[in-house]
Amino acid sequence: MDTILLPADENSVKQAAELLRAGQVVAFPTETVYGLGADGLNAQAVAAIFAAKERPADNPLIVHVAERSQLDGLCYVTKAAEALMDAFWPGPLTLLLMKTKSVPNITTAFLPSVAVRCPSHPVARALLRACALPIAAPSANRSGRPSPTTAQDVLEDMQGRIPFILDGGACDVGVESTVLDLTGEVPCILRPGAVTAKDVASVAGACTVAASVMRPLKEGESAPSPGMRHRHYAPKAKMTVYLGSDEEVAKAIIARYDAAENAAILAHGSAQPLFGDRRVFSLGDTPQEGAHLLFRRLREMDALGVSLILAQGWNAEGEALAVMNRMARAAAFDLVNV
Ligand code: AMP
Ligand code: MG
């Protein structure tokens with residue numbers, strides 16, 4: 001299969017929408033990461049997403065809509081969900097709601113709930129409006145690879161596997177949406193993103209965060225969000241994340257770097273001068289900048305054949321929870337406090 005990559009404009013969006021209506025798979029930009037979309041109500045089209053990604057069948061997809069009214073008949077929208085949609089849609093917040101029979105089991109991996117989101121990216125919105133379908137779309141990477149934040153990243157993983165990629169430039173947020181479970185008594189974050197627990201609590205009154213967000217699952221423990229069972233966000237290199245003051249972190253990283261071969265450092269902008277002429281990549285100075293840059297940096301280091309990544313993290317709380325959840329997983333939970 002040839003893969004066509006076109007800059008997003010009126011014509012290419014129309015072309016992409018026609019492919020979606022014909023049951024094909026199309027990659028498109030969102031404000032979080034690039035998505036791999038297909039008609040979420042067409043089981044065959046959804047199966048093609050799983051095939052292109054080599055995604056395990058037990059990992060459900062998020063269904064994207066342009067308008068709230070597209071949820072009619074798909075899921076049961078609660079009062080809390082309505083308030084959260086008022087506050088955060090369109091945007092990087094995915095809500096888990098009980099589904100109806102209209103949503104095929106393959107889309108939700110046979111779960112009784114469906115994940116729904118209304119993205120804010122203008123290209124995503126134009127595409128969703130043009131095809132007028134609820135679009136199931138996981139991140140547009142091969143399963144287990146860092147999520148794509150540019151159209152080039154998508155091409156790297158999907159060339160020859162999908163017919164069409166819409167190029168809308170680099171994604172703003174850089175990590176996937178917040179996944180919020182609304183099927184229990186208290187809203188619970190299963191995957192942290194740009195919308196934080198504090199943001200949710202300010203609207204819904206309360207919000208908890210699943211314990212497995214910042215630690216590996218125990219033997220036999222069931223994952224609240226199936227995606228957490230699987231190897232995720234992983235670079236090819238081995239990775240360790242260090243936490244502490246810039247000076248202490250730099251000391252620990254330098255000792256390890258100098259004793260290793262082919263290592264690279266991923267550090268906050270402010271700490272970079274501490275590493276001299278060693279190979280350093282910047283994660284920016286705030287957790288939001290870190291989220292924006294993390295997957296891009298992991299892919300850059302993979303392309304250079306780096307075999308050890310020594311990274312500086314942030315305390316895993318508040319706005320830093322999203323980037324630290326991805327960093328911890330990329331490092332297979334090899335976290336060191338110095
Ligand atoms: P991705 O689109 O690659 O970011 O993956 C979507 C993630 O949303 C999955 O990894 C799941 O963890 C989560 N998800 C989607 N649907 C459900 C659901 N019905 N129940 C729990 N988690 C879900
Ligand atoms: Mg993904």
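Both counts, for ligands and for their atoms, begin at 1 and track the order of listing. FYI, side chains are in, hydrogens and waters are out, and symmetry mates aren't considered; it's all heavy atoms of this structure. Only a predicted model underlies this, so the values are computations on that prediction, with no experimental measurement involved.
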field: Ala115: numbered ligand 1 atoms lying under 4.0 Å from its heavy atoms
entry: 15 (C), 16 (N)
message: With rounding to the nearest 0.5 angstrom, report the OG to CG distance, Ser12 to Leu166.
response: 5.0 Å
field: Among Val175, Leu190, Val179, Asn59, closest by any non-hydrogen atom to atom 10 (O) of ligand 1
entry: Asn59
message: In terms of relative ring orientation, are Phe28 and His64 parallel, tilted or perpendicular, with 30° and 60° separating the classes?
response: perpendicular
message: Looking only at the side chains, is there a donor atom on one of Arg256 and Tyr242 sitting less than 3.5 Å from an acceptor on the other?
response: yes
- line: Among His64, Lys99, Arg191, the residue with a heavy atom nearest to atom 1 (P) of ligand 1 is Arg191
task: Using heavy-atom distances, let me know which of Glu176, Lys53, Arg55, Met98 sits nearest atom 6 (C) of ligand 1.
output: Arg55
query: Hey, is Thr108 one of the residues with a heavy atom under 4.0 angstrom from ligand 1?
result: no
query: Quick one: does ligand 1 sit under 4.0 Å from the side chain of Leu96, the backbone, both or neither, non-hydrogen atoms only?
result: side chain
query: Just checking, is any N or O donor in the side chain of Arg279 or Asn262 under 3.5 Å from an acceptor N or O on the other one?
result: yes
message: Less than 3.5 Å apart, any donor N or O on the side chain of Thr150 or Asp153 sitting next to an acceptor on the other?
response: yes
message: Using a distance threshold of 2.8 Å, state whether an N, O or S atom of Asn141 lies below it from the Mg ion (ligand 2).
response: no
query: Counting only N and O atoms by type, is there a donor-acceptor contact under 3.5 Å from the side chain of Thr100 to the main-chain atoms of Ser102?
result: yes
field: Element-labelled atoms of ligand 1 that are located less than 4.0 Å from some non-hydrogen atom of Leu111
entry: 18 (C), 19 (N), 20 (N)
